[in-house]
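Here's the structure, in structure tokens; my notes come after.
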Amino acid sequence: MRGENGWLAVFRTLQEAFGPQEWWPAQSPFEVMVGAILTQNTAWRNVEKAIANLRAADALSVAVILALPESDLAELLRPSGFYRIKTKRLLALCQFLEAQGVGAVPEQIARQAAVPALRRDLLAVHGVGEETADSILLYALGLPVMVVDTYTRRIGGRVGLLGDHLSYTEVQAAIEAELVPGDAAVRNALHALLVSLGKDYCRPRPRCDTCPLNTRCAYAAGRCRPRQPEQP
DNA sequence: TTCCCGTGCG
DNA sequence: CGCACCGGAA
């Protein structure tokens, strides 16, 4: 509706443009976690290749991955880039899950009241930072946690909802303040919509001419030009 | 701040 | 070819 201004207005506009989102392309909570590690600073299409390798090797489980020779695991992860580092990180995550005793059904231990402690424990895992931890909480465990990523910052900055140099926590709090507490679905959908916009429109070199937000975006109204000025 | 790294697009 | 990619650690 008209009259909304902040992230909720962005949410509604994007949902009208892209349709309802129910996200994370994965077949299990564990696969979500794997994807969350592999997609760090990496195009999703490359992550898909690595996950396909894992699936083909029947290695989409904690037990199998932990039993795999590290060099073999690295070879499976290779297409996702940063593969030696990601091998270490995925192993660290699997060791954590095994220690938790939740390798098979991790979502069952997740209750909303336990979110802060669970987030803290995830952050203690090598290779799990704030975005990865929150992606796991939201998309693997279904908990109402807003995920902040590079798209969120870029879009928020351009539309005038976020300043520069804000910490992860500050950005997250700014968005959370507009969302219904406890509603995981809206956080899931909003982040998914932001990713969709970020990939296809609000890119480093933006496509403002066809962007669903271009009528309300400060960037589109100002600095965004359909093409570079002609050469002198 | 710099490094980690393959991949597909412009 | 060069650039950017659903970051995090050193």
Side-chain angles (χ1 to χ4, degrees), chain A residues 7 10-11 14 18 21-26 29 31-54 70-71 73-96 119-141 143 145-158 162 164-172 175 184 187-210 225-228:
Chain A
W7 288 100
V10 169
F11 175 72
L14 294 181
F18 299 147
Q21 308 284 315
E22 182 54 38
W23 222 37
W24 192 294
E31 189 178 324
V32 174
M33 299 185 202
V34 173
I37 294 286
L38 297 185
T39 197
Q40 290 169 0
N41 200 39
T42 300
W44 181 253
R45 79 175 60 84
N46 294 339
V47 176
E48 290 180 311
K49 293 176 178 295
I51 291 181
N53 286 345
L54 290 170
E70 190 170 323
S71 58
L73 180 59
E75 203 53 37
L76 296 174
L77 301 187
R78 196 170 185 277
S80 72
F82 306 115
Y83 64 98
R84 286 180 286 243
I85 282 179
K86 286 175 179 174
T87 298
K88 304 283 190 186
R89 293 181 180 178
L90 182 55
L91 285 171
L93 177 68
C94 288
Q95 285 156 9
F96 167 77
R119 189 177 195 271
R120 168 176 51 75
D121 292 343
L122 284 169
L123 288 175
V125 177
H126 175 83
V128 178
E130 295 189 281
E131 183 189 332
T132 302
D134 288 339
S135 293
I136 289 172
L137 292 171
L138 176 61
Y139 289 110
L141 305 181
L143 295 165
V145 176
M146 185 62 202
V147 175
V148 174
D149 62 11
T150 178
Y151 294 145
T152 310
R153 291 174 178 275
R154 191 163 69 211
I155 294 165
R158 284 177 176 168
L162 294 176
D164 295 329
H165 311 307
L166 295 174
S167 71
Y168 183 98
T169 302
E170 287 170 333
V171 173
Q172 187 178 44
I175 302 175
R187 288 160 176 78
N188 180 318
L190 174 57
H191 176 65
L193 289 164
L194 292 174
V195 170
S196 184
L197 187 79
K199 290 168 76 94
D200 297 333
Y201 298 94
C202 201
R203 299 147 64 98
R205 180 121 125 242
R207 299 176 176 174
C208 298
D209 52 339
T210 54
R225 294 172 176 77
R227 61 185 63 183
Q228 294 296 322

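Lettering of chains follows the sequences in order, A, B, ..., and the numbering in each one begins at 1.
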query: Are A:Lys88 and C:dG8 close enough that a side-chain N or O sits under 4.0 Å from OP1 or OP2?
result: no

message: Test your reading of the model: is there a side-chain donor-acceptor pair from A:Asn188 to the backbone of A:Trp23, 3.5 Å cut-off?
response: yes

- request: Would you indicate, yes or no, if B:dG10 has its OP1 or OP2 atom less than 4.0 angstrom from a side-chain nitrogen or oxygen of A:Arg207?
  value: yes

message: Categorize A:Lys86 for me: base, sugar-phosphate, or nothing, with a 4.0 angstrom heavy-atom threshold over every strand shown.
response: nothing

message: Measuring from atom CG of A:Leu91 to atom NZ of A:Lys86, what distance do you get when rounded to the nearest 0.5 angstrom?
response: 14.0 Å

- prompt: Could you state the CG-P distance from A:Leu90 to B:dC5, rounded to the nearest angstrom?
  reply: 15 Å

query: A:Trp44 vs A:Trp24 aromatic rings, parallel, tilted or perpendicular, using cut-offs 30° and 60°?
result: perpendicular

message: How many whole angstroms separate atom CD of A:Glu48 from atom P of B:dG8?
response: 11 Å

message: Can you check the distance between B:dC5 and C:dA10, where both ends of the measurement are the P atom (answer in whole Å)?
response: 13 Å

field: A:Ile136 CD1 to C:dG7 C1', straight-line distance once rounded to whole Å
entry: 13 Å

field: Short side-chain to backbone donor-acceptor contact, A:Thr87 and A:Tyr83, under 3.5 Å
entry: yes

message: Please report the distance, rounded to the nearest Å, between CD1 in A:Ile37 and P in C:dG8.
response: 8 Å

field: Pairwise 5' ranking along DNA chain C for A:Tyr168 and A:Thr42, keeping only the more 5' one
entry: A:Thr42

field: 5' priority, DNA chain B, between A:Lys49 and A:Asn41 [closest heavy atom]
entry: A:Asn41

query: So, is A:Thr132 close to the C:dG8 phosphate, meaning a side-chain N or O under 4.0 Å from OP1 or OP2?
result: yes

query: A:Phe18 vs A:Tyr201 aromatic rings, parallel, tilted or perpendicular, using cut-offs 30° and 60°?
result: parallel

field: Distance in angstrom units between A:Leu77 CG and B:dG6 C1', rounded
entry: 12 Å

- prompt: Are the side chain of A:Asn53 and the backbone N or O of A:Leu76 linked by a donor-acceptor pair below 3.5 Å?
  reply: yes

- prompt: For DNA chain C, whose closest nucleotide is more 5', that of A:Arg89 or that of A:Arg154?
  reply: A:Arg154

field: Rounded distance (Å) that lies between atom P of C:dC5 and atom CZ of A:Arg203
entry: 9 Å

task: Check whether any side-chain nitrogen or oxygen of A:Arg78 sits under 4.0 Å from OP1 or OP2 of B:dC5, and answer yes or no.
output: no

field: Closest nucleotide among B:dG6, C:dA4, B:dC5 to the A:Asn46 side chain
entry: B:dG6

query: Choosing from C:dA9, C:dG8, B:dG6, which nucleotide comes nearest the side chain of A:His126?
result: C:dA9

- prompt: What's the closest nucleotide to the A:Pro79 side chain, out of B:dC4, C:dA4, B:dT7?
  reply: B:dT7

query: Between A:Leu91 (CG) and C:dA9 (C1'), how many Å, whole number?
result: 16 Å

query: What integer distance in Å separates A:Leu123:CG from C:dA9:P?
result: 9 Å

- prompt: Checking all strands, does A:Val128 fall into the base, sugar-phosphate, or nothing category for heavy-atom contacts under 4.0 angstrom?
  reply: sugar-phosphate

- prompt: Say you pick atom P in C:dC1 and the same atom in B:dC4; how far apart are they, in whole Å?
  reply: 22 Å

